[in-house]
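To find a chain, count down the sequence lines: A is the first, B the second, and so on, and within it residues start at 1. What you see below is based on every heavy atom in this structure, not just the backbone, and it leaves out hydrogens, waters and symmetry mates.
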4 protein chains.
Amino acid sequence: MTIRFALLGAGRIGQVHAKAVTSNPQAKLVAVADVFEDAANAVIATYGGEYRDIDTIATSDDIDAVLICTPTNTHADLIEKFARAGKAIFCEKPIDLQVDRVRDCLKVVDETGAKLMVGFNRRFDPHFIALKETIQSGRIGKVEMVNIISRDPGAPPAEYIKVSGGIFKDMTIHDFDMARFLLEEEVDSVIASASVLVDPEIGKLGDFDSANVILTTASGKQCSISNSRRATYGYDQRIEVHGSLGMVAAENQREVSIEVATKDGYTKPPLFDFFMTRYIAAYAAEITAFISTLTNNTPPIPSGQDGLRSLMIAEAALLSVSEGRAVMLTEVSKK
Amino acid sequence: MTIRFALLGAGRIGQVHAKAVTSNPQAKLVAVADVFEDAANAVIATYGGEYRDIDTIATSDDIDAVLICTPTNTHADLIEKFARAGKAIFCEKPIDLQVDRVRDCLKVVDETGAKLMVGFNRRFDPHFIALKETIQSGRIGKVEMVNIISRDPGAPPAEYIKVSGGIFKDMTIHDFDMARFLLEEEVDSVIASASVLVDPEIGKLGDFDSANVILTTASGKQCSISNSRRATYGYDQRIEVHGSLGMVAAENQREVSIEVATKDGYTKPPLFDFFMTRYIAAYAAEITAFISTLTNNTPPIPSGQDGLRSLMIAEAALLSVSEGRAVMLTEVSKK
Amino acid sequence: MTIRFALLGAGRIGQVHAKAVTSNPQAKLVAVADVFEDAANAVIATYGGEYRDIDTIATSDDIDAVLICTPTNTHADLIEKFARAGKAIFCEKPIDLQVDRVRDCLKVVDETGAKLMVGFNRRFDPHFIALKETIQSGRIGKVEMVNIISRDPGAPPAEYIKVSGGIFKDMTIHDFDMARFLLEEEVDSVIASASVLVDPEIGKLGDFDSANVILTTASGKQCSISNSRRATYGYDQRIEVHGSLGMVAAENQREVSIEVATKDGYTKPPLFDFFMTRYIAAYAAEITAFISTLTNNTPPIPSGQDGLRSLMIAEAALLSVSEGRAVMLTEVSKK
Amino acid sequence: MTIRFALLGAGRIGQVHAKAVTSNPQAKLVAVADVFEDAANAVIATYGGEYRDIDTIATSDDIDAVLICTPTNTHADLIEKFARAGKAIFCEKPIDLQVDRVRDCLKVVDETGAKLMVGFNRRFDPHFIALKETIQSGRIGKVEMVNIISRDPGAPPAEYIKVSGGIFKDMTIHDFDMARFLLEEEVDSVIASASVLVDPEIGKLGDFDSANVILTTASGKQCSISNSRRATYGYDQRIEVHGSLGMVAAENQREVSIEVATKDGYTKPPLFDFFMTRYIAAYAAEITAFISTLTNNTPPIPSGQDGLRSLMIAEAALLSVSEGRAVMLTEVSKK
């Protein structure tokens, strides 16, 4: 069984997914769409397929699944369109920046019975999978606390910040998904503190570049998340999970494992400095998992609901910062 | 110049300080007091000095300084007594569990001009001093964020919990002091989440055994603290400080640095499992610093004000948990 | 420009190279040969190309280069055949187990002007390349000493040992090549000690499973190599290079970077347990380098001479063990 | 029971031992001797005791044991003198630089039944003790190979080199003792290679500054030792022991465990840069062990025979370098 794909959006992440699809013996890249036809054709030149516009793809019988890699503000519309067209959908996170819009979109997904997987790539990182497997092995007992440190190598430009939805919906949302993945219990309440310490431009846009968040579940499990838009030493991505019997931690990753010792000390190289190199294996595994989901007819995970829940936590965090109080997830979901 | 000491309280920590005093060529242990005279005599047998009761010590001309190692509820009274008696005072933390009582006590210290140093031993840990020195060297730029993970090897017995003042005043207070030491700016507001995950008995006493706290300064610097009364793998004491140019982290400590590799993987021994072995160098350096303070006539640090500020943060954390909101330090200080 | 390849030998390593060739936009797999035609066809089914026998390949105009992945005892004959046929040649190490046979073979290579690259894959490992780059940067000064620890996860079966040429020609030869790569000066003399500690069967075959070797250059630079056919904790591959200004070390590699801490200590997973997973990136980079060599018309490295020199060191090591003395390389080359 | 000590030699190492003796409740420093009476008096001022010359000490009834910390060329004579005087003897290594002289000296020790402990301090290092305990626990199975890397921070001055006995008797001798301690089988043969890479002055004196040695036992166990008189990054002291079931390694030590991460990478401080700080705990534990030996009337370890065996290995290594061959220990012992 071969899954026939169309790629929507031929940018950076679209190219990564095109490569993953064409490396998979159970998948085929049939069509590529992009508002910039040249970008689409560049992908086609490397990975094959042909140019089709989005409407054509929606009505193409030789397309089983679409990869939505277009700008965020088109995601929800495209999900609805392709759900109705009967295609399986892989959509980059987030579905939308507004909780209500996501909820509406997921209703369409539900009604059409479409398969939808949301691109929280970190669930497919081999190191984080090893965390999960360690938890499931029982080796650290019952999970009690998760500590996440997640720092970007550098702040994105103002243009990006403007459409990003802010630090919680753009950056921390990955950590919220990791928290849910590892806590194995839904987050109940959120408290957060956020500042502008890295780039005053970010502050002028009403966003933050530094934040700490505490998530708590109904049974009292907790997750701390520490974020910054700056880490001069590379892409800092650490997670540790504490249980009743012990702890498991995933370490940072670097390109080469050497150490130089001189009179100034022992020095290891900086970390990976870009999310696409740090998570290269995760991106490939993610698409592999999506293809398996389709060939085996199993429910896609992370699901649309996973996308919604993390967005709700982001919304709650934002509210917590602005009102200086703990925010219950139920407050956000009631809106 | 030799500083002549009296030790008040001949328990575990009193013995540690007796050793530090008698190892120091500029200090002498003259007298030991304890309500259990046998305990005092055991210390005297090992470290010298003679038995005197507290009132006698207060009026002894051959005593320059006292080490207050008695139960917490006696600290403030003893500080006032010995401040009035014109003695220099080293007092184990906390001065008292109530902010108001501490404030009153410090008024007496101020009025009498007594020298008072409070026993936040971690400021004297060589690894944490190296953090501070790295900050001061400018190597990591301007401090922006501090992340503290501080987990006890195991929960104390209920009897201890009852008189401890609760997790924030008993355990986190050390982390609050570290935060102040490293942030180099006063904490402005506190948010905290606390749970009972380790021992239900602790919950029955109205206390918590697991907590996460976020401290924020006026300029937006933040400190996250993650606490648990349980760490099966030893006494987990990690601090990292993030600045505009980089990061400095202090690693955990273990007794021996070996690694065993077998088919099951690479294993290092657990950490130190007791605060008195983990911080053995800090305890000695603390008393050395106190003696230097007296011989050089410099202001003692950590001061009574340092003790007060950390207690206020603890009070604010407690209020934050109970009211589910950010608490300004000014709220606590106004009381 | 596209290099058209024939693969000779469709076994394990042949498959790795077939994948590398077909992933490279500048290369094409045209033909596959194997005495077991089914094996060849399995490779063809996955990676394309067609079946041709070796003689046909030698006379095929549409073949530019061959990958020799057949058993060791066929290497020298095949190199000569394809050198005469005007093909570029990549040959798995070793060229032959006998120094004289290699020398004769390289004469043919010289006379025909054929391009020959020998498969010392470790030179293409990103971590070892980083060692080399650190040396070249001048950061550790002038190289003085290299220390190599190289231990296999487990001893191979007797059948393999019989045709392997013994530990020095089969296993240590990789370390000899690394020593030459990093010392940047030819090895002058060799002393070695070898034992049977792991598997008595290996001893019955006249081979060893444990060895330590010291290589010395004319200027007195030294390299120590420690080998064992057993490492329960995985494939142990460490190299450190000491120079006048410092040291650079390449660390061991494992599949995932997690650490589990429990009452028994802190445990990381075992290392990679197989050379083909440990060196997966090196194998791919090696073929990429060979293709670049051909498209850019540069001399292939490691060359046939590199293969010869390491074999000579292995011969010298064997002689050192049997005669209990330091052996000069000139003794081996004079034979 | 209190052991009454005389210290012979009030230099650097003598002061270390004076401190150890006076910190031990079962020991007392009664007398100090030194050809420089001022040096002796400085020790006395800090640690107590009185000045006596060596002859007086030998006839003092109130002295149970002596610590020989004088120059190497006086050791054997002093051991004989105090053995005959019925004193217990702790002697810094080596007993003498000549195997024959040591053997004669040990005959006197035997005949007199004197207690003699030789100062191979590394046996008392807590990390190396942990290696030994791991071996004894059976966790790594039967010991097969030991790898020692031992590099001094910098070369000593020519004046020291002249009287040192050369690198093998001065520096490697500690590693020989460690090899014997950990192999748990006597060394049978030695091969070694040595060069002058660090300081040409050392070469002019007929000595080496860089060496690699392989020791082999009768059953084929091996130990590799890699030495240099230079390590810009500090005092490099690593040992790993490989057994049939796994490996145990002791890591390098540094004063503080911090790590600084910047755009240039992750940097830990250099190692301890001086043997007396690196082995501070070992020096104290060594004297504690000697005192226990006396109070419990148990045989002192390392014994005089331990001192002799390591010296013989050093002699064999020297012969191996000069003759370019494996040297059997029996050759040295037959002389």
Sort by residue number and list every member of residues 154-172 of chain C having a non-hydrogen atom under 4.5 Å from chain D. none
Close contacts, residues 229-261 of chain C versus chain D, judged by heavy atoms under 4.5 Å: C/Arg230, C/Thr232, C/Tyr233, C/Asp236, C/Arg238, C/Glu240, C/His242, C/Ser244, C/Leu245, C/Gly246, C/Met247
Chain D contact via C/Ser193 - which portion, at a heavy-atom distance below 4.5 Å: both
Using non-hydrogen atoms and a 4.5 Å limit, figure out which bit of C/Ser320 sits close to chain D: side chain, backbone, both or neither. neither
Rounded to the nearest 0.5 Å, how far does OG of D/Ser210 lie from CE of C/Met145? 4.5 Å
Between C/Arg151, C/Arg325, C/Lys142, which residue shows the highest count of heavy-atom pairs closer than 4.5 Å to chain D? C/Arg151
Only pairs of heavy atoms separated by less than 4.5 Å count here; which of C/Ala211, C/Ser219, C/Ala192 has the most with chain D? C/Ala211
Listed by number, the residues in residues 266-276 of chain D that come under 4.5 Å of chain C (heavy atom to heavy atom) are none
Under 3.5 Å, which donor-acceptor pairs do the side chains of residues 134-141 of chain D form with other protein atoms, sequence neighbours left out?
unit_1	atom_1	unit_2	atom_2	d
D/Thr134	OG1	D/Ala130	O	2.7
D/Ser137	OG	D/Thr134	O	2.6
D/Ser137	OG	D/Arg139	N	3.2

Does the side chain of D/Ser226 pick up a donor-acceptor pair with the side chain of C/Ser224 at under 3.5 Å? no
Return yes if a side-chain donor-acceptor contact under 3.5 Å exists between D/Ser195 and C/Gln222, otherwise no. yes
[X] versus chain C, the contacting section by heavy-atom distance below 4.5 Å:
| X | result |
| --- | --- |
| D/Val327 | neither |
| D/Ser189 | neither |
| D/Asn227 | backbone |

Of the listed D/Val198, D/Leu215, D/Val196, D/Ile149, the one with the largest count of heavy-atom pairs under 4.5 Å with chain C is D/Ile149
Given side chains that start at C-beta, do those of C/Asn212 and D/Asn147 come closer than 4.5 Å, heavy atoms only? yes
